[in-house]
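Presented below is the structure to which this report refers.
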Amino acid sequence: MPGEVRVRFAPSPTGLPHIGNIRTALFNWLFARHNGGKFIVRVEDTDQARLVPGSIEAMLDGLRWLNIDWDEGPEVGGDYGPYFQSERLDIYQEMADRLVSQGNAYHCYCSQKPPADDDQRQRDRRVSASADCQCRDLSQEEGSKLSAAQESKVIRFAMPKDGITRVNDLIRGEVEWRNETLNDFIIMKFDGFPTYHLAVVADDHLMEISHVMRAEEWLPSTPRHLQLFEALGFEPPKFAHLPMIMGPDRAKLSKRHGATAIGEYIVDGYLPEALLNFMVLLGWSLDDKTDVVSSQTVTDNFTLDRVTKSSAIFDQKKLLWMNGMYIRELTPDQLAAAMTPFLERDLPKDMLPVDEEYLRRIAPLLQERIKRLDESADITEYFFRANETFNTDDLVQKGMDRDSTLSALNAALDDLSGADDFQHEKLEEMLTATGEKLELSRRQFFGVLRVAATGRAVSPPLFEMMEVMGKDRTVSRVNNAVERFSAAG
RNA sequence: GCCCCGGUCGUCUAGCCUGGUCCAGGACGCCACCCUUUCAAGGUGGAGAUCAUGGGAUCGAAGCCCAUCCGGGGUACCA
């Protein structure tokens, strides 16, 4: 099927899935979906030393959480597998051997150890690490003598010494390098594993990848890949280098910038839709005014000409706002369901399990007041708690004293225990009248009641809250406040 | 050092290709006011960008050309 869009996300299992990687996955996925193509996940596990168990599972979980689905790859298979590079070793070996026999690559007999730490020249980056290698110029006899003396699987690519390598990047336009500035990079390592460079080229060709979309940090290795494609006689895919995501200090986003693993956003109570929307805006825009945009609208409109060239700083504040927007768009039932796991995690065990029906009625009261789901327990706790332990001095409002506070409390208690209709409009009507009789401002009277009912100075609207709590709970709480306040006096 | 990419309000960005309608628009954040039983949410308004800098071609530039500066990335038997 020529012309079909096939893009891949190629994570390497070396740690927790990073926001930057996920963003790359997201753009690839959007591009595939926009063009009716295929989105493929391929695991680049060619570095045995850095392999971290569980990281691929975490990555896939992250994608699933964001609703990013893949057409080929781990768990789903596909016609171009295997999708783990560690299971494709013979393919790379064969290609490397072919390059050697064609004269496009050569065995290297230099140091079998990783570059020494004390190589001052390399550390200063004054010179490329491969500068000392003379193996390219070995004669036939010298070569066979060395290969007899020591087995070496290390193979370097023989970069053309002149000429220019160009790429027409879909985001950046023409970029070119003088080949003389490129070194003879390694394509096969001593352990028989390929390096990234060989493996990507081999697999992108074999898997018929049409577009390579990856972060800008890969741009410098593109000419190497292009030369490999050429030497192997493969048609290269199109390239698009995405802007990078930076921390507040403008350096590449990393652990020291705080939450960078996708798992942290799940645990902190962000909604997947919000995170996705926010990440889309890091490098792409629909127009000059749209911020909140559905993933359907994004896929409908996702084109590379609307991707920015410059890197973007990850602004946690805007993400938080975005999350609030999405929380407010939930139905009460959805909100309640989303809060449940957080309540189960954070509420004291004796308040569990939560009454789902009750929670569904509580949810609307918090919807405009919560920005992250991990606030759930703190913001709803008093709905579930039996006894309050707040400081009763907090009951006394500005301009009031202990006596007026106590009579306010008692008057309200009378009203509430006599009420047969706990509808919030009725409660407000009744207590407003009582407050007027007591010659208290709404602020004062309701302030006292708010603390009595919740133990806090800040809460959702008082009467709607009482309605949800119901008569028994409300009366009991106010009564409790009266008793504790009297006792404290 | 060398190679490459980038540079519009603090931040994300629109506009740049197809110069005039841009003394630069939106959003987050910040400030004020309105609403109001607290907190939010919402509404209104405000501060905030000599379009990195300097030249040039043009009647006219954020937009075109050149130079410079700054930022970032790469320079591994890591991806």
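Labels below follow one simple rule: chain letters A, B, ... track the order of the sequence lines, proteins then strands, and each chain is numbered from 1.
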Checklist entry - Would you call the rings of A:Y265 and A:Y270 parallel, tilted or perpendicular if under 30° counts as parallel and over 60° as perpendicular? => result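 Rings of A:Y265 and A:Y270: tilted, 30 to 60°.
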Checklist entry - Which word best sums up how the rings of A:H225 and A:H197 line up, parallel for under 30°, tilted for 30 to 60°, or perpendicular for over 60°? => result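 Rings of A:H225 and A:H197: tilted, 30 to 60°.
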Next on the checklist: OP1 or OP2 of B:rA79 versus the side-chain N and O atoms of A:T14: is any pair under 4.0 Å?
Outcome noted: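 False: A:T14 side-chain N/O out of range (4.0 Å or more) of B:rA79 OP1/OP2.
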Item to check | side-chain hydrogen bond (donor to acceptor under 3.5 Å, both in side chains) involving A:D268 - partner list, sequence neighbours excluded | outcome: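 Applying side-chain hydrogen bond (donor to acceptor under 3.5 Å, both in side chains) to A:D268 gives none.
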Next on the checklist: Nearest heavy atom decides the nucleotide; on that basis, is A:P194 or A:D249 closer to the 5' end of RNA chain B?
Outcome noted: A:D249
[X] [atom1] to [N] [atom2]: how many Å, rounded?
X      : N      : atom1 : atom2 : answer
A:L182 : B:rA76 : CG    : C1'   : 15 Å
A:D184 : B:rC3  : CG    : C1'   : 16 Å
A:W284 : B:rA27 : CH2   : P     : 18 Å
A:K153 : B:rC77 : NZ    : C1'   : 13 Å
A:I171 : B:rC17 : CD1   : C1'   : 16 Å
A:L281 : B:rA27 : CG    : C1'   : 9 Å
A:R50  : B:rC78 : CZ    : P     : 9 Å
A:H197 : B:rC77 : NE2   : P     : 9 Å

Minimum-distance nucleotide (side-chain atoms of [X] versus [options]):
X      : options                : result
A:R306 : B:rG26, B:rC4, B:rA14  : B:rA14
A:R450 : B:rG73, B:rA14, B:rU37 : B:rU37
A:K189 : B:rC77, B:rG26, B:rG74 : B:rC77
A:K317 : B:rC4, B:rA79, B:rC28  : B:rC28
A:R442 : B:rA79, B:rU37, B:rC5  : B:rU37
A:K252 : B:rA79, B:rG73, B:rU13 : B:rG73
A:V154 : B:rC77, B:rA79, B:rA14 : B:rC77
A:L282 : B:rC12, B:rA14, B:rG72 : B:rC12

Taking the [atom1] atom of each, how far is [N] from [M], in whole Å?
N      : M      : atom1 : result
B:rA24 : B:rG10 : P     : 15 Å
B:rG7  : B:rC12 : C1'   : 15 Å
B:rU53 : B:rG46 : P     : 26 Å
B:rC65 : B:rG71 : P     : 25 Å
B:rG29 : B:rC70 : C1'   : 25 Å
B:rC66 : B:rG73 : P     : 27 Å
B:rC9  : B:rG1  : P     : 27 Å
B:rU13 : B:rU8  : C1'   : 9 Å

Could you write out each protein N or O paired with an N or O of nucleotides 9-11 of chain B at a distance under 3.5 Å?
| residue | atom | partner | partner atom | Å |
| --- | --- | --- | --- | --- |
| B:rU11 | OP1 | A:R250 | NH2 | 2.7 |

Next on the checklist: Protein within reach of the bases, or only the backbone? For nucleotides 39-47 of chain B, mark each nucleotide 5' to 3' as B, S or -, using heavy atoms under 4.0 Å.
Outcome noted: BBSS-----
Flag, side chain of [X] to backbone of [Y], donor-acceptor distance under 3.5 Å:
X      : Y      : result
A:Q397 : A:Q444 : no
A:R172 : A:K309 : yes
A:R50  : A:S12  : no
A:H18  : A:L253 : yes
A:D291 : A:L281 : no

Next on the checklist: For A:Q316, I'd like to know if atom CD has over 12 heavy atoms of other residues, nucleotides or ligands within 6.0 Å.
Outcome noted: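 Yes, because the 6.0 Å sphere around CD of A:Q316 holds more than 12 heavy atoms from other groups.
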Checklist entry - Would a line drawn from the ring center of A:F31 to the ring center of A:H211 be shorter than 6.0 Å? => result yes
Checklist entry - Is it true that A:Y196 and A:W218 have ring centroids separated by less than 6.0 Å? => result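 Yes, the ring of A:Y196 comes within the 6.0 Å limit of the ring of A:W218, centre to centre.
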What is the pairing partner of [N], taking Watson-Crick or G-U wobble pairs with both distances under 3.5 Å in any strand?
N      : value
B:rC28 : B:rG10
B:rU75 : B:rG1
B:rA41 : none
B:rG20 : B:rC59

Please classify the nucleic acid contact of [X] as base, sugar-phosphate, or nothing, using heavy-atom distances under 4.0 Å.
X      : value
A:T46  : sugar-phosphate
A:M322 : nothing
A:M188 : nothing
A:E176 : sugar-phosphate
A:T308 : sugar-phosphate
A:G435 : nothing

Checklist entry - If you measure from CG on A:L449 to CG on A:L409, what distance do you get to the nearest 0.5 Å? => result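 Going from CG on A:L449 over to CG on A:L409, the span is 7.0 Å.
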Item to check | Aromatic A:F84 / basic A:R88 pairing, under 6.0 angstrom, 45° off normal | outcome: no
